[in-house]
Amino acid sequence: MQPPLDEILDNFEFLDDWDDRYRYLIELGRMLEPLPDAARTDANKVRGCASQVWLETTIARNADGETVVNFRGDSDAHIVRGLVALAFAIFSGRTARSIIETDALGLFKTLGLGDHLTPQRSNGLRSMVDRIKADARAALAEATG
């Protein structure tokens, strides 16, 4: 089971060494629910990532009738799988409007990820966030359209 975002942020703050933070990201990735092979489709593939990344999006309504978006995903790279887990802690299970308004890239910057990831991984992370927000916008448009 994946820890909540607050716990992840506290753990990042506690870990001073970037090697420890990388290991923690890898551990977060190991906690991801396995993605079924049937979900590893071209439609679920995130474009712009150097590694293979798949993102499956499901939409539901909460008790207030708001559109809630949930994500499952995977990657073929350990660090990227951890970044997927971090993104899901930020976004999955939240309302579409909240997802659209969340500044995840600012959060990643606060965590120092921009300074410690390769440019390819940073671009891939941005692509994943863009895809998550696009899926949330599409879900919101469908719900209000």
Side-chain angles (χ1 to χ4, degrees), residues 1-15 20-114 116-145:
M1 177 109 187
Q2 189 173 354
L5 179 60
D6 289 343
E7 183 179 328
I8 293 170
L9 297 177
D10 288 345
N11 289 338
F12 255 88
E13 194 172 306
F14 176 75
L15 299 169
D20 291 338
R21 287 182 177 196
Y22 284 134
R23 281 191 282 280
Y24 182 58
L25 273 175
I26 290 168
E27 185 59 34
L28 287 175
R30 288 186 180 130
M31 292 181 207
L32 273 180
E33 176 185 334
L35 187 68
D37 287 340
R40 294 172 191 263
T41 64
D42 196 52
N44 286 341
K45 194 175 251 191
V46 178
R47 307 282 177 243
C49 294
S51 302
Q52 301 271 353
V53 177
W54 297 272
L55 176 67
E56 183 181 57
T57 304
T58 56
I59 297 151
R61 294 223 181 249
N62 65 15
D64 297 327
E66 297 172 299
T67 302
V68 175
V69 187
N70 291 288
F71 302 98
R72 289 193 318 171
D74 201 358
S75 175
D76 62 350
H78 295 296
I79 292 281
V80 176
R81 189 174 159 93
L83 294 172
V84 169
L86 179 57
F88 290 174
I90 295 168
F91 293 116
S92 194
R94 295 183 59 194
T95 66
R97 190 169 310 285
S98 172
I99 289 169
I100 294 164
E101 294 171 354
T102 297
D103 180 14
L105 297 178
L107 177 63
F108 295 145
K109 188 174 185 171
T110 300
L111 292 175
L113 291 174
H116 292 90
L117 294 176
T118 64
Q120 282 183 317
R121 286 210 172 113
S122 291
N123 288 338
L125 186 57
R126 190 172 302 105
S127 294
M128 187 171 34
V129 169
D130 289 348
R131 165 73 183 275
I132 287 169
K133 287 183 177 259
D135 286 358
R137 280 191 294 277
L140 193 58
E142 185 175 310
T144 58

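Just so it is clear, the values below take in all heavy atoms, side chains as well, and ignore hydrogens, waters and symmetry mates. Please read all numbers here as calculations on a predicted model, not as lab measurements.
Applying the side chain to side chain contact (heavy atoms under 4.5 Å, CB included) criterion to Ala39, with sequence neighbours excluded, gives Leu35, Pro36, Asn44, Glu56. In this structure, Asp103 has no side chain to side chain donor-acceptor pair (under 3.5 Å) partners at least two apart in sequence or on a different chain. Checked against side chain to side chain contact (heavy atoms under 4.5 Å, CB included), Glu27 has the following partners two or more places apart in sequence or in another chain: Arg30, Met31. Scanning for side chain to side chain donor-acceptor pair (under 3.5 Å) contacts around Arg137 gives an empty result, with sequence neighbours left out. Listed by chain and number, the residues in a salt bridge (Lys or Arg N to Asp or Glu O under 4.0 Å) with Asp76 amount to none (sequence neighbours excluded). In this structure, the salt bridge (Lys or Arg N to Asp or Glu O under 4.0 Å) partners of Glu33, at least two apart in sequence or on a different chain, are Arg72. For Asp130, the side chain to side chain contact (heavy atoms under 4.5 Å, CB included) criterion is met by Arg126, not counting sequence neighbours. Take Thr110 and apply the side chain to side chain contact (heavy atoms under 4.5 Å, CB included) test, not counting sequence neighbours, and it matches no residue.
One N or O on the side chain of Ser75 and one on the backbone of Gln52 form a donor-acceptor pair closer than 3.5 Å. Between the Arg21 side chain and the Gly112 main chain, no donor and acceptor come within less than 3.5 Å of each other.
Residue Phe88 is tested with Leu5, Leu28, Leu55 for a side-chain contact (heavy atoms from CB on, under 4.5 Å); the sole match is Leu55.
Counting only residues at least two apart or in different chains, ring pair (Phe, Tyr, Trp, His ring centres under 6.0 Å) contacts with residues 122-143 are absent. Applying the salt bridge (Lys or Arg N to Asp or Glu O under 4.0 Å) test to pairs two or more places apart or on separate chains, those with a residue in residues 38-51 are Asp37-Arg40, Arg40-Asp74, Asp42-Arg47. Residue pairs that meet the side-chain hydrogen bond (donor to acceptor under 3.5 Å, both in side chains) test with at least one member in residues 5-15, sequence neighbours left out, are Asn11-Tyr24.
Ile26 has its side chain within reach of Ile79: a pair of non-hydrogen atoms, C-beta onward, lies under 4.5 Å apart. In this structure, the side chains of Leu25 and Phe12 come closer than 4.5 Å at one or more pairs of heavy atoms. Side-chain atoms of Leu86 and Phe108, non-hydrogen and from C-beta on, do get closer than 4.5 Å to each other.
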Identify all side-chain donor-acceptor contacts of residues 91-100 below 3.5 Å with residues at least two apart in sequence or on another chain.
{"residue": "Ser92", "atom": "OG", "partner": "Phe71", "partner atom": "N", "Å": "2.9"}
{"residue": "Arg94", "atom": "NE", "partner": "Ser98", "partner atom": "OG", "Å": "3.0"}
{"residue": "Arg94", "atom": "NH1", "partner": "Ile90", "partner atom": "O", "Å": "2.8"}
{"residue": "Arg94", "atom": "NH1", "partner": "Thr102", "partner atom": "OG1", "Å": "3.2"}
{"residue": "Arg94", "atom": "NH2", "partner": "Ser98", "partner atom": "OG", "Å": "2.4"}
{"residue": "Arg94", "atom": "NH2", "partner": "Thr102", "partner atom": "OG1", "Å": "3.1"}
{"residue": "Thr95", "atom": "OG1", "partner": "Ser98", "partner atom": "N", "Å": "3.1"}

